[in-house]
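Since we're looking at a predicted model, the values are computed, not measured. Count residues from 1 along the sequence.
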Amino acid sequence: MGTTSFLLVHEALDDLAREDPMKAEVVKAALFVGLKHQEIADALGVSEPTIRRHWAVARVRLFELIAHRPSPPPRPPNKS
């Protein structure tokens with residue numbers, strides 16, 4: 001993942017956290033910590049089906065947030 005892509009995901013995740021902190025925690029636990037659904041459910045004190053629903057909705061919302069972000073300006077050519 002390039003720097004620009006990483007920044008887009010990070011910004012979208014920040015937006016999601018403002019909208020729905022629980023879904024953002026699910027995404028962070030799955031993507032950055034590598035926890036399985038049941039492990040996330042245990043950590044957050046909810047059922048595994050709830051985590052699956054949060055994960056499904058959060059993925060869609062992140063894609064929406066990323067898709068509606070303005071494209072970053074092109075980078076100037078490297079003058080090496």
What's the separation between atom [atom1] in [X] and atom [atom2] in [Y], rounded to the nearest 0.5 Å?
X     : Y     : atom1 : atom2 : result
Leu16 : Met22 : CG    : CE    : 12.0 Å
Leu44 : Ile51 : CG    : CD1   : 5.0 Å
Arg53 : Glu48 : CZ    : CD    : 9.5 Å
Arg61 : Glu19 : CZ    : CD    : 4.0 Å
Lys23 : Leu13 : NZ    : CG    : 13.5 Å
Gln38 : Arg52 : CD    : CZ    : 9.0 Å

Where do [X] and [Y] come nearest, in terms of heavy atoms and distance?
X     : Y     : value
Ala12 : Leu65 : O-CD1, 3.5 Å
Glu64 : His68 : O-ND1, 2.7 Å
Ala17 : Ala24 : CA-CB, 3.6 Å

Under a 4.5 Å side-chain heavy-atom rule over Ile, Leu, Val, Met, Phe, Trp and Tyr, are Ile40 and Val46 clustered together?
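Yes, one cluster joins them.
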Same cluster or not: are Leu31 and Val26 linked, directly or through other Ile, Leu, Val, Met, Phe, Trp or Tyr residues, by side-chain heavy atoms under 4.5 angstrom apart?
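Result: yes, single cluster for both.
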Report yes if some heavy atom in the side chain of Val9 is under 4.5 Å from a heavy atom in the side chain of Leu62; otherwise report no.
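Side-chain contact under 4.5 Å: no.
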Hydrophobic cluster mates of Phe63, side-chain heavy atoms under 4.5 angstrom, ILVMFWY only, any path?
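Its cluster partners, ordered by chain and number, are none at all.
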Apart from Val60 itself, what residues make up its hydrophobic cluster when side-chain heavy atoms of I, L, V, M, F, W and Y under 4.5 Å apart count as a link, directly or indirectly?
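Noted: Val60 shares its cluster with no other residue.
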